[in-house]
Amino acid sequence: MVMSVLVVVEHDRGAMADASLESFAFARSIADQLGEHVEALLIGAAAADLAGVCAAHGATACHLVPAADDYGPELYGAVVSAAAGQLSPSGIVACGTDRGNEVLAHAAAELGMPFVANCLEVKTADEWEMTRVQWGGSLNEEARLASSMPMVSVAPHAVEADEVSPGATATVSELSVEVPEWVRRSVIQDRVVLSEGLSLATAPIVIGGGWGVGSAEGFDVLEALAAKLGGVVGCSRAVTNNGWRPHSDQVGQTGTRIAPQLYIACGISGAIQHCVGAKAAKKILAINTDPAANMVVKADYAVIGDLFEVLPAIEQS
Amino acid sequence: MRVLVCVKRVPAPGAKINITDDGQAVDATNLGHTMSPHEECALELAVQLVEAHGGESHVLTLGVAEADEQCRWAASIGITKATLVDVGTMGWDPQRTATALIEAIRSIEEADGTFDVIIFGNESADTGGFQVGIRTARVLDRPMVNAIKGVSISEDGTVLEAQREIDSGMEVYHLPLPCAIGVKEGITWPRYPTMRGRLAAKKLAVDVTGSEAAPGGQTMVRLNRPEEQVSETIILGEGAAAAPAVVELLKELGLWS
């Protein structure tokens, strides 16, 4: 029997998370080293429709656990640990998101096993050796993992999703797992929709403002350009600390990680915690009066000047 | 209401994080120390919960003796009790850390009573293992949800309603007390220490213990600095005159319509 690396698929009521596709590419890189298959764990009946996507991204088999109506960290953790007991995969991979890390941590706690979060690369040997992120991505750590069933999450944007087998199909089999009733105590009870459409995490253009914007009203010029370009406005920690923007707009290690085609950083000095949050941006354009600002040095492109002159000029072009 | 907050002492880096020659730690020479912004907000949340519902707040940390500084910071904003598990290093792995925290919490709870809420930061600022809180809560049999950005306590005092921010809004969880949560920066607005707070911090009796917890399965080999993406910054121009060049760039990237 060929062993397999098991991917815990992240989805919300049947809508797959983009990051989950990256975890398939990561799992394949591990499975290739071991000469094994990649298989998918689909939790919740709503996930049944995802088998095709899983197959296209390299899964040869999908295991569906229907008995979970909605997401709950303890419920999902218990399902993963019970499924692992039945399937005995040679490793478990999830994406390094709020949910992915949380679910593997709950499963690892249940199994009394180690779990390594936010890996960039895994080399399989008797003990797995991995490179993982520390300090939100400012440093890398080389680590070793001693475990009979290594559990790892892949850092967001560490690998690119890759549709290796378009149109492929995978077998879907129902997996009957027993979980104790108490794990349902932390299942989602409600959802509040605050905004529709583009979000900071997924926008193709993010226009960020920092200390140099100077006030809450100063963000009007950023908003105007964002509206024209179909982008979203973000900000640095200096801005939220001053109460100019809500914390949900903060880009950085303790805020939102962005990955736009272009990040336009306006009046942002470029503290290390901010820069790691914008690390996955394809290109960065810095607009700053100070040509020596760290953000300008790190950027691909820069305009040296006052953002209140530059942004309206672009918007009116 | 009894509330516990777990915090971790970390160096406060500047524009660059340097590594010691042996690659085993961040070079903290000339650096101050702090805790994650998530944990600063967690302390504030604990103080607010006790202000609203009465009771007692407690801070717990594990690491080196110098983490006394973080306990006193907590006291300066209103936390009234502190425990430091001194293991002589900041380098314990997540399983080992959780085991030691569980021992410490059990011992505090035996003496003072069960904590209604145990608050962790979503992840530590340095190692970012995303698991110590969850492991601790699991063994102590407390429901636990991470990434929380809003909480309220039900009127009858039996349920903690927790909100988690997602792309389009919030997910809502109802956790029966006693429970544990991992919180993110933004859940509260940490206050500054008052003069009275500073005095309380000086007087705080920090209970120092140790731990014999066994290592877990994850071992750090060394730290590296990621390869810098060296890119020569292309200066598109100065001031408003640069606008046409920016528009060209947007067109090139397919972002101008």
Side-chain angles (χ1 to χ4, degrees), chain A residues 73-74 98 101-102 105-106 108-110 113-118 133-136 138-147 185-186 188-196 199 201-202 204-205 229 247-248 254 261-262 272 283 294 296-297 299-306 309-310 313-314 317, chain B residues 13 15-17 19 36-38 95 125-131 134-135 138-139 143-147 164-165 167-176 184-186 216-226 231 233-240 242-244 246-247 249-250 253 255-256:
Chain A
E74 291 175 300
D98 282 346
N101 280 330
E102 170 177 69
H106 276 285
E110 177 65 29
M113 284 182 164
F115 150 57
V116 183
N118 290 327
V133 302
Q134 279 209 12
W135 291 90
S138 298
L139 293 183
N140 289 347
E141 172 192 347
E142 289 171 29
R144 278 201 321 268
L145 174 57
S147 177
R185 64 193 176 181
S186 51
I188 292 177
Q189 296 298 305
D190 197 5
R191 285 178 174 80
V192 183
V193 177
L194 297 176
S195 64
E196 299 279 3
S199 74
T202 57
I205 299 186
L229 298 177
H247 184 271
S248 51
T254 51
Q261 297 297 312
L262 180 66
I272 195 162
K283 297 284 178 192
N294 194 41
V296 173
V297 175
D300 301 283
Y301 307 94
V303 172
I304 308 305
D306 184 345
E309 292 169 14
V310 181
I314 301 168
S317 292
Chain B
K16 205 173 174 189
I17 304 179
I19 302 168
S36 158
H38 298 321
Q95 285 172 291
D126 55 353
T127 50
F130 285 87
Q131 57 190 283
I134 290 167
R135 287 184 185 278
R138 173 69 192 92
V139 173
M144 163 90 190
V145 182
N146 228 10
R164 163 136 117 190
E165 199 173 60
D167 262 3
S168 57
M170 293 280 185
E171 293 169 351
V172 180
Y173 298 86
H174 292 171
L175 305 178
K184 281 194 172 179
E185 184 187 18
Q218 180 183 341
T219 314
M220 186 180 89
V221 178
R222 64 165 294 137
L223 293 171
N224 289 311
R225 193 191 303 286
S231 65
T233 306
I234 300 168
I235 305 292
L236 298 176
E238 291 191 11
V246 174
V247 172
L249 172 66
L250 288 164
L253 297 172
L255 298 169
W256 183 269

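Every value quoted in this text rests on a predicted model; they were computed, and no experiment measured them. Computed over heavy atoms, backbone and side chain alike; hydrogens, waters and symmetry mates excluded. Letters A, B, ... are given to chains in the order of the sequence lines, protein chains preceding strands, and every chain is numbered from 1.
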- Query: Under a 4.5 Å heavy-atom cut-off, does chain B meet the side chain of A:E102, its backbone, both or neither?
  - Reply: both
- Task: Measure distances from A:I314 to the heavy atoms of chain B and classify the residue's part below 4.5 Å as side chain, backbone, both or neither.
- Result: both
Among [options], which has the most heavy-atom pairs under 4.5 Å with chain A?
{"options": "B:I19, B:V145, B:V247, B:V139", "answer": "B:V145"}
{"options": "B:A240, B:G217, B:A243", "answer": "B:G217"}
{"options": "B:A147, B:G216, B:A125, B:P226", "answer": "B:P226"}
{"options": "B:P37, B:G129, B:P244", "answer": "B:P37"}
{"options": "B:P13, B:G237, B:A242", "answer": "B:G237"}

Would you mind telling me which of [options] has the largest number of heavy-atom pairs within less than 4.5 Å of chain B?
{"options": "A:E309, A:R191, A:Q261, A:E141", "answer": "A:E141"}
{"options": "A:G305, A:A143, A:S147, A:A108", "answer": "A:A143"}
{"options": "A:A109, A:P114, A:A105", "answer": "A:P114"}
{"options": "A:A201, A:P204, A:S248", "answer": "A:S248"}
{"options": "A:N294, A:V116, A:D306, A:L145", "answer": "A:V116"}
{"options": "A:L194, A:L139, A:N118, A:I272", "answer": "A:L139"}

Where [X] and [Y] come nearest, the two heavy atoms and their spacing:
{"X": "B:F130", "Y": "A:F115", "answer": "O-CE2, 4.2 Å"}
{"X": "B:R135", "Y": "A:M113", "answer": "NH2-O, 2.7 Å"}
{"X": "B:W256", "Y": "A:S317", "answer": "CZ2-O, 3.6 Å"}
{"X": "B:I17", "Y": "A:S138", "answer": "CD1-CB, 3.8 Å"}
{"X": "B:Y173", "Y": "A:P73", "answer": "CE2-CD, 4.0 Å"}

If you round to the nearest 0.5 Å, how far is [atom2] of [Y] from [atom1] of [X]?
{"X": "B:L175", "Y": "A:R185", "atom1": "CG", "atom2": "CZ", "result": "8.5 Å"}
{"X": "A:Y301", "Y": "B:I235", "atom1": "OH", "atom2": "CD1", "result": "12.0 Å"}
{"X": "A:I188", "Y": "B:E171", "atom1": "CD1", "atom2": "CD", "result": "3.5 Å"}
{"X": "A:K283", "Y": "B:L253", "atom1": "NZ", "atom2": "CG", "result": "7.5 Å"}
{"X": "A:H247", "Y": "B:E165", "atom1": "NE2", "atom2": "CD", "result": "8.0 Å"}
{"X": "B:M170", "Y": "A:D190", "atom1": "CE", "atom2": "CG", "result": "12.5 Å"}

- Show your reasoning for whether side chain to side chain contact (heavy atoms under 4.5 Å, CB included) applies to B:V172 and A:V192. CA-CA 8 Å; B:V172 180; A:V192 183; 4.0 Å; yes
- Task: Please test B:V221 against A:R144 for side chain to side chain contact (heavy atoms under 4.5 Å, CB included), starting from the C-alpha separation and ending with a verdict.
- Result: CA-CA 7 Å; B:V221 178; A:R144 278 201 321 268; 3.9 Å; yes
- Task: Go through the structure and list residues passing side-chain hydrogen bond (donor to acceptor under 3.5 Å, both in side chains) with A:D98, not counting sequence neighbours.
- Result: B:K184
- Query: What residues, two or more places apart in sequence or in another chain, satisfy side-chain hydrogen bond (donor to acceptor under 3.5 Å, both in side chains) together with B:Q95?
  - Reply: none
- Message: Report which part of B:P176 has an atom under 4.5 Å of a heavy atom belonging to chain A: side chain, backbone, both, or neither.
- Response: side chain
- Note on the structure: Turns out that what part of B:R138 lies under 4.5 Å from chain A's heavy atoms comes down to side chain
- Side-chain heavy atoms of B:L250 within contact of A:L262, under 4.5 Å: yes
